[in-house]
Amino acid sequence: MQVLSVHSWPQAIAHLDADAFFVSCEQASMPALKGKCVAVGKERGIIIALSYEAKAKGVKRGMFVSDAKRICPGIIILDSNHETYGLFSVRMFEILKRFSPKIEEYSVDEAFIDLTGLRRLYSCSYEEIAVKIQNTIEQELSISVSIGISITKVLAKIASKYKKPHGITAIPGNKIHLYLSNILIEDVWGIGPNTASLLKKFDIKTALDFALKNENFVKKYLSKPYIQIYKELKGEPSIEFIEKISPKSISKAKSFYPPSQKPEDLILPHQTMPFALSIYSLTLFLIMALKDRCFLFFKAISLAS
DNA sequence: TGGGGTCCT
DNA sequence: AGGACCC
């Protein structure tokens, strides 16, 4: 089936997906919870995230906490701590940047990493680079991640999901069809329920069925995003890599006049008010500019001479 | 499960 | 503005 065979690596894209991220962060902070049935979401009474042990007992996301306790007696339910997850996320992305300068932070627990051309630098295969990344994150943060590597973002997404948790999956260009034949069309990134049911009317059940259609069919029935997905499934890069990293730290400094040797002078309201206002406007700006792409918190407000 | 985001038409 | 899809 050489229709889908792409030789060499026009680009090498890794997709990293943390395993049960929220719960992993809690377990990393409280090692006694490792290996246990743990879930997060106590404050809302609904399960937001759960450990693989809890998944094995049949607990699901969105379940009422009361039902989860019935199905899985002894399950530990925690309040969620989004600030903590944000901190783990920041540190995870910082690790990724040590391996490649080109990172797309896709969500709090997911990233694309452009590894194109880095085999020489690391003297190893792309798959082995992924192993190093996985090990580094595990050693430094004590959380587990899965990584997929392939030649497009859509294929890398499929690869990262292929083996979970703690998986590494590489889909080289000459093995694309082997993987796609096992992927249901509705499990492809960007194909939702509507498009899946449309495609099923044409007897397209797997990602491979879709990738083997001719381009005229795709252009006739589907719009731009799906044409991109179609091309990416065939190993043809089409979805832009969005090099996006959120700023990790922003500081604002202000000098006070006249200079003083006495610290108590600095807390006079009329002197600190302009500073307070500038911090306030900076915070407003950040909230508008960043929305919830990152977590905002003050690390320090310091006075220095 | 659902609230909030992006991209496209 | 509305639709489809994502986390």
Side-chain angles (χ1 to χ4, degrees), chain A residues 13 15-25 39-50 54-55 58-71 77 79-82 84-86 88-90 92-93 103-113 143 145-148 152-161 164-165 183-201 204 207 210 218-233 237-246 286-296:
Chain A
I13 304 295
H15 177 257
L16 176 146
D17 195 346
D19 305 320
F21 183 61
F22 290 0
V23 169
S24 287
C25 294
V40 150
K42 190 173 173 210
E43 75 284 356
R44 295 181 58 200
I46 288 169
I47 305 292
I48 295 171
L50 57 157
K55 270 178 207 172
V59 181
K60 298 255 194 310
R61 261 168 48 119
M63 246 181 197
F64 289 120
V65 165
S66 50
D67 293 333
K69 283 181 173 162
R70 203 164 34 75
I71 293 174
I77 313 278
D79 286 330
S80 50
N81 290 295
H82 290 279
T84 304
Y85 313 148
F88 274 86
S89 180
V90 164
M92 189 171 81
F93 295 142
I103 305 293
E104 176 177 341
E105 296 182 2
Y106 182 69
S107 75
V108 68
D109 71 331
E110 283 182 45
F112 291 98
I113 310 140
I143 65 172
V145 302
S146 298
I147 301 178
T152 67
K153 288 170 79 177
V154 168
L155 290 170
K157 260 267 189 188
I158 287 172
S160 69
K161 195 157 71 169
K164 242 183 164 308
I183 304 297
L184 261 19
I185 190 65
E186 62 265 34
D187 290 338
V188 175
W189 181 44
I191 306 279
N194 282 303
T195 311
S197 67
L198 170 68
L199 292 176
K200 281 187 182 168
K201 291 195 174 76
I204 296 166
F210 187 39
V218 181
K219 286 183 170 162
K220 178 166 175 167
Y221 293 106
L222 299 167
S223 58
K224 183 175 167 182
Y226 305 98
I227 296 165
Q228 288 185 306
I229 292 167
Y230 167 76
K231 287 180 177 172
E232 292 241 328
L233 285 173
S238 182
I239 298 176
E240 197 189 353
F241 190 100
I242 304 162
E243 226 171 310
K244 190 174 57 185
I245 51 161
S246 26
L286 288 173
I287 288 168
M288 300 305 291
L290 301 170
K291 301 278 179 54
D292 63 351
R293 285 198 290 276
C294 69
F295 293 88
L296 277 178

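None of the values given here were measured: they were computed from a predicted structure. Below, chains carry the letters A, B, ... as their sequence lines are ordered, and counting in each starts from 1.
Atom NZ in K244(A) sits roughly 12 Å away from atom P in dG5(B) (whole-Å rounding). The nearest whole Å value for the distance from the CE atom in M63(A) to the P atom in dG2(B) is 15 Å. Rounded to whole angstrom, the span from the OH atom of Y226(A) across to the P atom of dC8(B) amounts to 11 Å. Distance, I227(A) CD1 to dC8(B) C1': 12 Å, rounded to whole Å. For the pair I191(A) CD1 and dC7(B) P, the computed distance is 18 Å after rounding to whole Å. What separates OH of Y106(A) from P of dC7(C) is a distance of 5 Å, to the nearest Å. With rounding to whole Å, I239(A) atom CD1 is found 12 Å from dC6(C) atom C1'. Rounded to whole Å, atom C1' of dC7(B) lies 11 Å from atom CH2 of W189(A).
Taking 4.0 angstrom as the limit, N194(A) places a side-chain polar atom (N or O) nearer than this to OP1 or OP2 of dC5(C). Look at K157(A) and you'll find a side-chain N or O under 4.0 angstrom from OP1 or OP2 of dC7(C). Close to dC5(C), at under 4.0 Å from its OP1 or OP2, lies a side-chain N or O of T195(A).
Nearest nucleotide to the D109(A) side chain, out of dC7(B), dC5(C), dC7(C): dC7(C).
A donor-acceptor contact closer than 3.5 angstrom is absent between the side chains of S146(A) and D17(A).
The main-chain N or O of V154(A) is found under 3.5 Å from a side-chain atom of E232(A) such that the two form a donor-acceptor pair. Side-chain atoms of S89(A) come within 3.5 Å of backbone N or O of V108(A) as a donor-acceptor pair.
In this structure, CD1 on I242(A) lies 9.0 Å from OH on Y106(A), to the nearest 0.5 angstrom.
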